[in-house]
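Residue numbers start from 1 in every chain, and the chains themselves are labelled A, B, ... in the order their sequence lines are given, proteins ahead of strands.
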Protein chains: 2
Amino acid sequence: MAANTGLATTEMVDEGRCCVPSGAPAMSAERAEALSRQFKAIADPNRLRLVSLISASAENEACVCDLTEPLELGQPTVSHHLKILVDAGILHREKRGVWAYFSIVPGALDALAGVLTEPK
Amino acid sequence: MAANTGLATTEMVDEGRCCVPSGAPAMSAERAEALSRQFKAIADPNRLRLVSLISASAENEACVCDLTEPLELGQPTVSHHLKILVDAGILHREKRGVWAYFSIVPGALDALAGVLTEPK
DNA sequence: CCCGCACATTGACAACCGTCGATATATCTC
DNA sequence: GAGATATATCGACGGTTGTCAATGTGCGGG
């Protein structure tokens, strides 16, 4: 068997070895997909401002007409952004009379923040 | 000047009043734009897995060939994603010999997480 | 000096995203 | 019920994004 004839196929493995997987498994593709949906929801300047406006608001809620003006966007566009944030589970929508009040889902942003801090 | 002739333009303001800005200013458009650039960088399932793989790696660094296989993506695509993360200030790139080692910029993810937790 | 390897860059293409104008829906008032 | 108001939805358009195949670049070994 030529016990250690030496330099057979393991000759240059000691130093320049790259491409050895870490052993620790990656985040699953499904979890990455789910998380990316939430991050995509806030990864837009206008939606970041929407969240900022709502959380800085007096009663921690705001209706569409409160948000249209400071963002300098049309009402359909603001409504579209709010729907994305609601679908992502970040905002809560409550209709009272003619108005729709949006508030931040408790813990939603903290959960996302936890994803970023946990690996470190 | 008709000091207070009364109900001039402020007649129906008492009850169903909506659309009153909160007073607290929104996040500035510039800051929102800058933050969205960083959030966009991680708001992709494959880039989330890249960050996860690197931070779970033994030496907290990995080269491209370590990352191509677990993501089942071509080498140019992985290189493209890594460049986006580097440009966003989330990853650090260090070339040693033929290989390029990527590591997470210390504090980068925590800074992003802070943006999400601070308003609450 | 030439070849192989790891990685970066380019160009192309389909899919998706943000925005708007127009229109639909729902609720309150008279 | 008619009209006004707040919001949602639709259709369209330009811009961006993720992916790949092909090619370029830089370093190390024989």
Side-chain angles (χ1 to χ4, degrees), chain A residues 7 11-21 29 32-33 36-50 54 61-69 71-88 91-103, chain B residues 11-20 29 32-33 36-50 54 61-69 71-88 91-103:
Chain A
L7 33 80
E11 44 191 343
M12 31 73 91
V13 183
D14 59 326
E15 178 263 335
R17 195 68 181 88
C18 186
C19 300
V20 44
E33 193 83 35
S36 82
R37 260 190 289 273
Q38 303 213 76
F39 279 118
K40 274 182 206 287
I42 60 169
D44 176 274
N46 287 321
R47 290 197 287 269
L48 277 173
R49 299 183 80 192
L50 282 175
I54 293 173
E61 62 179 14
C63 58
V64 179
C65 55
D66 285 334
L67 302 167
T68 303
E69 182 180 329
L71 261 63
E72 302 185 354
L73 288 178
Q75 173 263 318
T77 302
V78 172
S79 207
H80 169 70
H81 284 313
L82 289 170
K83 176 177 172 53
I84 289 177
L85 288 167
V86 169
D87 289 348
L91 290 189
H92 171 72
R93 177 183 181 273
E94 180 187 358
K95 189 142 191 191
R96 291 204 297 268
V98 191
W99 296 284
Y101 289 87
F102 293 86
S103 56
Chain B
E11 44 192 341
M12 30 72 92
V13 183
D14 59 326
E15 178 264 334
R17 195 70 180 86
C18 185
C19 302
V20 43
E33 193 84 36
S36 82
R37 259 189 290 271
Q38 303 213 76
F39 278 118
K40 272 182 208 286
I42 59 169
D44 175 272
N46 287 319
R47 290 197 287 270
L48 277 174
R49 300 183 79 193
L50 282 175
I54 294 175
E61 63 180 12
C63 57
V64 179
C65 54
D66 286 334
L67 303 167
T68 304
E69 181 181 330
L71 261 64
E72 301 184 355
L73 287 179
Q75 172 265 318
T77 303
V78 172
S79 207
H80 168 69
H81 284 313
L82 288 170
K83 178 176 169 54
I84 289 178
L85 288 167
V86 169
D87 289 347
L91 290 189
H92 171 72
R93 176 183 182 274
E94 181 188 357
K95 190 143 192 190
R96 291 204 297 268
V98 189
W99 296 284
Y101 290 88
F102 292 87
S103 57

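Here the straight-line distance linking atom CG of A:L91 with atom CZ of A:R47 works out to 10.5 Å at 0.5 Å rounding. Between B:N46 atom CG and B:H80 atom NE2 the span is 10.5 Å, to the nearest 0.5 Å. Rounding to the nearest 0.5 angstrom, the gap separating the CG atom in B:L82 from the OG atom in B:S79 is 6.0 Å.
One interatomic measurement links the two molecules: CD of A:E69 to P of D:dA6, which rounds to 13 Å at whole-angstrom precision. The distance between atom CD of A:E61 and atom P of D:dT7, rounded to the nearest whole Å, is 12 Å. The OH atom of B:Y101 sits 13 Å away from the C1' atom of D:dC27 (whole-angstrom rounding). Atom CG of A:D87 and atom C1' of D:dT9 are 13 Å apart (whole Å). Atom CH2 in B:W99 sits about 12 Å away from atom C1' in C:dG4, given to the nearest Å. Atom P of nucleotide D:dT7 and atom CG of A:L71 are separated by 14 Å, given to the nearest angstrom. Atoms CG (B:L50) and P (D:dG18) sit 12 Å apart, rounded to a whole Å.
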Treating primed atoms plus P, OP1 and OP2 as sugar-phosphate and everything else as base, which nucleotides of nucleotides 8-23 of chain C get B, S or - for protein heavy atoms under 4.0 Å? BB--------SBBBB-
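Within a 6.0 Å sphere centred on CD of B:E69, other residues, nucleotides and ligands contribute 12 heavy atoms or fewer.
Position along DNA chain C of the nearest nucleotide to A:V98 versus B:V98 favours B:V98 as the more 5'-ward residue.
A:K83 is linked by a salt bridge (Lys or Arg N to Asp or Glu O under 4.0 Å) to A:D87, counting only residues two or more places apart in sequence or in another chain. Residues passing the side chain to side chain donor-acceptor pair (under 3.5 Å) test with B:E33, sequence neighbours excluded: none.
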